[in-house]
Amino acid sequence: MTDAHTAGPFIAAIDQGTTSSRCIVFDKDGRIVSVDQKEHEQIFPKPGWVEHNANEIWTNVQEVVAGAIQKAGITSADIKAIGITNQRETTVLWDKNTGEPVHNAIVWQDTRTDALCKELGRNVGQDRFRRETGLPLASYFAGPKARWLLDNVDGLQERAEAGDILFGTMDTWVIWNLTGGVNGGKHVTDVTNASRTLLMNLHTTQWDEKIAESIGVPLQILPEIRSSAEVYGEVSGGKLGDLLGGIPVASALGDQQAALFGQCCFSEGEVKSTYGTGTFMVMNTGDKIINSYAGLLTTVGYKIGDQPTVFALEGSIAVTGSLVQWMRDQMGLISTAAEIETLALSVEDNGGAYFVPAFSGLFAPHWRSDARGVIAGLTRYVTKAHLARAVLEATAWQTREIADAMVKDSGDELVALKVDGGMTANNLLMQQLADVLDAPVVRPMVAETTCLGAAYAAGLAVGFWSSTDELRANWRRAAEWTPRMDAETRDREYKNWLKAVDRTMGWIDDDES
Ligand SMILES: Nc1ncnc2c1ncn2[C@@H]1O[C@H](COP(=O)(O)OP(=O)(O)O)[C@@H](O)[C@H]1O
Ligand SMILES: O=P(O)(O)OC[C@H](O)CO
């Protein structure tokens, strides 16, 4: 509910995430006025495959937007713009005449395009993709997922060539539906989302015709690439037509880039790390496209209207919060995510156990699709409490590996790490992070930085906020953890972690992928 401190007008931000969709209404000071959230089904048709129902997602998005506005007790006249942020890479193709998806969306964690990526590597070469798109060839990215759909849905290639099929990541799907769907919905994406497809040339920030041709994705299915902060269209039709018709849809950023923006990492060298299903550490590299030699991704940070594109380096970790979910849902060792902390605190250390959750291979900095999870160092001494500790340490050590890669690639030391996301509620994990990084870890007042970043970008696009300097003034520290681990322990534990990582490699044979 609004109160005296949260007078309108407001900006609403939609975060279409991996496990849920949420909408948050923010006031001018960047404070949360209301939140609504709804989970969607995770569909696992085969080992390594992960799908979402795009219709369910669109229904949930409409519900949470209506829910957040109702909880805020405001009317559409109070909302100046809507911003979008989204799980990245997750790919949906749909029929532009009916609005019906042709298949479930293929989620970023899905590994079904492994063999296709290996074949592309042999035929086109890894280096070419790295050089032009900033990305390694991996099943993580959207382009090969689109190719898989074109190959595996009956008659789809012909329909795509006939101009009946549209491609989108979740930003595109939500914007198209929000702005009218079959009745003139805008088919657009922003430059951050486009930079995760393996189809966009990082140097031109446009689709790369030759690369698209080599993957086999027809250009006519691709959306127009726009900046991250501009008016793409207005809300029209759907369940939201009556409620919010005419409100500008004014930003889109991939969720990790939105978090970079929401954390006010506007200067070159500033870094944030978001701890959710996976973990994503992103460094603002200004106007520099830094080629990574240490296993990071080169990507777009954001682009505000017609201002120059800001680039970034990213370390992506596939499994962090989802390991906690796995302990809860598959193993039944805890009954809530928060319980992992209580269980881990019941022992002093990991009892010699190291858990490397390479459930979908290893992402940065290794990029090894043949890796699978291991628990190393087991003896009969190890209890479920030690495992809980190893689960949290897995997130901390994976972060350390990324931080090392970032220092190598950028030449900048890590001075402090700004953190956000669901896992930052875990104080033990935050302390472990400070310990293994040997750097302070800082959490802001508004930990919902993903939605905040989308709101900020939308607000800048419609003049609700005037500049990034104004936004910086909203950033406030809520908590800070400083390193307490001695160097000898840190070095010994890191060495053990790396030994455990080594043991995940090569589990999947070539003919199994
Ligand atoms: N107290 C906690 N300790 C450890 N992990 C947690 C805790 N609370 C939530 N999580 C994990 O954080 C994730 C949810 O964070 P969130 O930022 O909402 O994720 P996403 O945006 O990826 O859906 C879940 O994977 C959950 O297991
Ligand atoms: O929805 P999240 O927070 O798990 O983020 C997913 C990432 O965008 C995948 O690249």
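First listed ligand is number 1; within each ligand, the first listed atom is number 1.
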Of the backbone atoms (N, CA, C, O) and the side-chain heavy atoms from C-beta on, which set of T18 has a member under 4.0 Å from an atom of ligand 2: side chain, backbone, both, or neither?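 For T18, the contact with ligand 2 is made by both the backbone and the side chain.
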
Quick one: look at Q256 and ligand 2, take heavy-atom pairs under 4.0 Å, and tell me if it's side chain, backbone, both or neither.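 Answer for Q256: side chain.
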
Can you sort out which atoms of ligand 1 are near [X], meaning under 4.0 Å from one of its heavy atoms?
X    : answer
N426 : 3 (N), 4 (C)
R22  : 18 (O), 21 (O)
Q325 : 24 (C), 25 (O), 27 (O)
I340 : 3 (N), 4 (C)
A337 : 2 (C), 3 (N), 6 (C), 7 (C), 8 (N), 9 (C), 10 (N), 27 (O)

Proximal candidate to atom 13 (C) of ligand 1 [heavy atom criterion; set G276, A447, S21, G278]: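 The option holding the nearest heavy atom is G276.
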
Proximal candidate to atom 23 (O) of ligand 1 [heavy atom criterion; set T19, T320, L429]: T19

Would you say W108 and ligand 2 have an N/O pair spaced under 3.5 Å apart? no

Taking both backbone and side-chain atoms of R196, is any N or O found less than 3.5 Å from an N or O belonging to ligand 2? no

At a 4.0 Å cut-off, with the gap strictly under it, does some heavy atom of E341 reach an atom of ligand 1?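 No heavy atom of E341 comes that close to ligand 1.
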
4.0 Å heavy-atom contact, S322 with ligand 1: yes

In terms of side-chain geometry, is the basic nitrogen of R490 or D435 positioned less than 4.0 Å from the acidic oxygen of its partner? no

Expected output: side-chain Q62 to main-chain W58 donor-acceptor under 3.5 Å: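 The answer is yes, because a donor-acceptor pair under 3.5 Å joins these two groups.
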
Just to confirm my output: which protein heavy-atom neighbour is closest to atom 5 (O) of ligand 2, and how far is it?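 In this structure, atom 5 (O) of ligand 2 has D255 OD2, 2.7 Å as its nearest protein heavy atom.
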
